[in-house]
Visitor: 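One structure coming up, written as structure tokens, with questions to follow.
Counting from 1, the numbers follow the sequence of the chain as shown. Both backbone and side-chain heavy atoms feed into the values below; hydrogens, waters and symmetry mates do not. Source: prediction; values computed, not measured.
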Amino acid sequence: MKALDAGWFSRTSVRRMYVCNAGYFDYDMGHMTFGYNMGTPLTVITVFLVLETESGYVVFDTGWSPNMVPVLESIGLNPRIGPENDVGRYLEELGIGAGEVRMVVLSHLHLDHAGGLARFKGCRVVVQRDELNHARGPHPFAAIPYTRLDWDFPDFEWEAVDGDLMLDKGLALVLLNGHTPGTSGLLVNLPNRGPLLFTGDNCYLRVNLENDLIPGSIWEPRQAWHSLRKAKFLAELTGASLVPSHDREVYGEKLPLFPEYLD
């Protein structure tokens, strides 16, 4: 398939993007690849994005809450998550007050992606409606990764959306559900680097992409498979590079981590 003409996606409001390291933990690879490689230990990374746009700052995901570190230790996941990985610390390093962030966009509401949301009280928060509704009353088998104390605050300006959404020029929320009811990715068009599609937890690792393997932690397997195919289709259509969510060999090696940035 021929990618869309450059003019279709050439205009962008994004000036630069920082990829921020929210810490590492150890996991069983089988939980990330639908049972394949079960018993294989793997160190994974959690990241979030800070984007400078023409009209202000946008944050995609927020990392962990510090309160979760003892919990992760108690179940043997060996977390390496400290104050240096906190979203507030990154904003301070960049000289950005939480009030200067015009929008927080969430891939979903699991504890490793929405754990820093308390830093943004009063901010506009964009999330899929199905995700928000599910997180407020999840099925018992899906309840553990949702921690309402991290994100269910009355003073948020929630913007619950339905499906794909243009957030700004060169910035789009893409529904890639299956891992959870509202898992989403972020399509970012950088002025020099070009388009990147951050897949959210629809795709944890490069091996998921290479072998059409859906996540092991799953809400609806069939929908996850369709979303994986959708991500690949969009990449081919737009010329975007696909970026899995937890692959530490991608971040730092393929994409520079903060304080470096992409533009």
Side-chain angles (χ1 to χ4, degrees), residues 22 25 27-28 30-35 44 46-48 59-77 79 81 87 104-121 123-165 173-186 198-204 208 213-228 230-231 244-246:
F25 64 100
Y27 210 40
D28 189 315
H31 295 316
M32 310 193 102
T33 54
F34 204 59
V44 298
T46 302
V47 302
F48 56 87
V59 173
F60 180 63
D61 282 347
T62 63
W64 296 90
S65 164
N67 298 329
M68 289 307 302
V69 173
V71 178
L72 298 176
E73 290 173 339
S74 72
I75 57 177
L77 296 187
I81 303 165
V87 63
V104 176
V105 182
L106 295 173
S107 66
H108 60 306
L109 283 161
H110 278 179
L111 68 177
D112 53 332
H113 296 266
L117 205 53
R119 298 280 191 179
F120 301 97
K121 291 181 181 179
C123 187
R124 174 189 176 199
V125 181
V126 178
V127 68
Q128 295 288 341
R129 188 183 315 277
D130 285 346
E131 182 68 14
L132 187 58
N133 290 340
H134 181 71
R136 285 173 169 162
H139 298 297
F141 74 86
I144 291 175
Y146 290 109
T147 308
R148 290 185 67 163
L149 292 175
D150 287 344
W151 53 265
D152 201 5
F153 302 107
D155 47 358
F156 278 146
E157 184 187 336
W158 289 105
E159 183 175 337
V161 303
D162 299 295
D164 304 335
L165 179 70
L173 187 68
V174 179
L175 179 63
L176 296 172
N177 58 341
H179 171 63
T180 70
T183 297
S184 297
L186 190 72
F198 291 86
T199 64
D201 281 2
N202 169 258
C203 173
Y204 288 128
N208 296 95
L213 286 174
I214 61 175
S217 173
I218 201 76
W219 167 71
E220 215 297 320
R222 182 173 56 181
Q223 185 57 51
W225 187 82
H226 285 302
S227 292
L228 184 60
K230 177 182 177 180
S245 61
H246 285 287

Visitor: Is there any salt bridge (Lys or Arg N to Asp or Glu O under 4.0 Å) pair reaching into residues 173-186, and which pairs are they, with sequence neighbours excluded?
Guide: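 Not a single pair qualifies under salt bridge (Lys or Arg N to Asp or Glu O under 4.0 Å).
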
Visitor: Taking side-chain hydrogen bond (donor to acceptor under 3.5 Å, both in side chains) as the test, write out the residues that go with S245, two or more places apart.
Guide: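 Per chain and number, S245 pairs via side-chain hydrogen bond (donor to acceptor under 3.5 Å, both in side chains) with D201.
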
Visitor: Which heavy atom of F60 sits nearest to which heavy atom of G185, and what is that distance?
Guide: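 Answer, listing the atom of F60 first, then G185: CZ-C, 4.3 Å.
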
Visitor: With heavy-atom distances below 4.5 Å as the criterion, would you say the side chains of L117 and F156 are in contact?
Guide: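 Contact flag for L117/F156 side chains = yes.
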
Visitor: Against H134, only a single residue in H179, H108, H139 fulfils ring-ring contact (aromatic ring centres under 6.0 Å, His included); can you say which?
Guide: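 Between H134 and the candidates, ring-ring contact (aromatic ring centres under 6.0 Å, His included) is satisfied uniquely by H139.
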
Visitor: Report the C-alpha distance between R129 and V161 in whole Å, list the side-chain angles of each, state the deciding distance to 0.1 Å, and finish with yes or no for side chain to side chain contact (heavy atoms under 4.5 Å, CB included).
Guide: CA-CA 5 Å; R129 188 183 315 277; V161 303; over 6 Å; no

Visitor: If you compare all heavy atoms of A135 against all heavy atoms of L109, which two are closest, and at what distance to 0.1 Å?
Guide: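 The answer is CB-CD1, 3.7 Å.
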
Visitor: Kindly write out the residues that satisfy side-chain hydrogen bond (donor to acceptor under 3.5 Å, both in side chains) with T180, not counting sequence neighbours, or none if the list is empty.
Guide: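 T180 satisfies side-chain hydrogen bond (donor to acceptor under 3.5 Å, both in side chains) with E131, T183 only.
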
Visitor: Among Q223, Q128, H226, find the one that has a side chain to side chain donor-acceptor pair (under 3.5 Å) with N177.
Guide: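 Option passing the side chain to side chain donor-acceptor pair (under 3.5 Å) with N177: Q223.
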
Visitor: Do F120 and V87 pass the side chain to side chain contact (heavy atoms under 4.5 Å, CB included) test, and can you show the C-alpha distance, the side-chain angles, and the key distance before you say yes or no?
Guide: CA-CA 10 Å; F120 301 97; V87 63; 3.8 Å; yes

Visitor: How would you list, by chain and number, every residue that makes a side-chain contact (heavy atoms from CB on, under 4.5 Å) with D61, sequence neighbours excluded?
Guide: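 Residues passing side-chain contact (heavy atoms from CB on, under 4.5 Å) with D61: F48, L106, S107, H113.
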
Visitor: Taking all non-hydrogen atoms of both residues into account, name the closest pair between G63 and A22 and its distance.
Guide: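 Taking every non-hydrogen atom into account, CA-CB, 3.9 Å.
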
Visitor: Which atom names give the shortest non-hydrogen contact between D150 and G115, and what distance separates them?
Guide: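 What the structure gives for the nearest pair is OD2-CA, 3.9 Å.
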
Visitor: By side-chain hydrogen bond (donor to acceptor under 3.5 Å, both in side chains), which residues pair with D28, not counting sequence neighbours?
Guide: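 Checked D28 against side-chain hydrogen bond (donor to acceptor under 3.5 Å, both in side chains); zero matches.
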
Visitor: Could you tell me which residues satisfy salt bridge (Lys or Arg N to Asp or Glu O under 4.0 Å) with E157, sequence neighbours excluded, listed by chain and number?
Guide: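 None.
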
Visitor: Could you measure the distance from the CZ atom of R222 to the OG atom of S227? Nearest 0.5 Å is fine.
Guide: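 Rounded to the nearest 0.5 Å, the CZ-OG separation comes out at 12.0 Å.
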
Visitor: Report yes if the side chains of Y204 and S217 come closer than 4.5 Å at any heavy-atom pair, otherwise no.
Guide: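 Touching, per the 4.5 Å side-chain cut-off.
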
Visitor: Under the rule for side-chain contact (heavy atoms from CB on, under 4.5 Å), what residues qualify as partners of D155, not counting sequence neighbours?
Guide: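 Expected list: K121, F153.
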
Visitor: K230 vs N202, test: side chain to side chain contact (heavy atoms under 4.5 Å, CB included). Steps then yes/no.
Guide: CA-CA 10 Å; K230 177 182 177 180; N202 169 258; over 6 Å; no

Visitor: Quick one: does any side-chain atom of D164 pair with a main-chain N or O of L175 as donor and acceptor, under 3.5 Å?
Guide: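 Side chain of D164 to backbone of L175, a donor-acceptor pair under 3.5 Å: yes, one is there.
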
Visitor: List the residues meeting side-chain contact (heavy atoms from CB on, under 4.5 Å) with P221, not counting sequence neighbours, and say none if there are none.
Guide: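 side-chain contact (heavy atoms from CB on, under 4.5 Å) list for P221, sorted by chain: F34, I214, I218.
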
Visitor: R148: what forms a side-chain hydrogen bond (donor to acceptor under 3.5 Å, both in side chains) with it, not counting sequence neighbours?
Guide: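 Partners of R148 by the side-chain hydrogen bond (donor to acceptor under 3.5 Å, both in side chains) criterion, ordered by chain and then number, come out as D152.
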
Visitor: Give, for atom CG of L149 and atom CG of N67, the distance between the pair rounded to the nearest 0.5 Å.
Guide: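 Reported to 0.5 Å precision, the distance equals 8.5 Å.
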
Visitor: What are the two closest heavy atoms between A160 and L132, and how far apart are they?
Guide: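 Answer, listing the atom of A160 first, then L132: CB-CD2, 4.5 Å.
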
Visitor: Among residues at least two apart in sequence or on other chains, which ones pass ring pair (Phe, Tyr, Trp, His ring centres under 6.0 Å) with W64?
Guide: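 Partners of W64 under the ring pair (Phe, Tyr, Trp, His ring centres under 6.0 Å) test: F25.
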
Visitor: Could you pull out all residues at least two apart from T33 that satisfy side-chain contact (heavy atoms from CB on, under 4.5 Å)?
Guide: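 Scan of T33 (side-chain contact (heavy atoms from CB on, under 4.5 Å), adjacent residues dropped) gives M29, Y36, N37, L205, V207, N208, L213.
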
Visitor: Nearest 0.5 Å, what's the CH2-NE2 distance between W151 and H110?
Guide: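 These two atoms lie 10.5 Å from each other.
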
Visitor: Is any side-chain heavy atom of S184 closer than 4.5 Å to a side-chain heavy atom of L176?
Guide: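 Sidechains of L176 and S184: no contact.
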
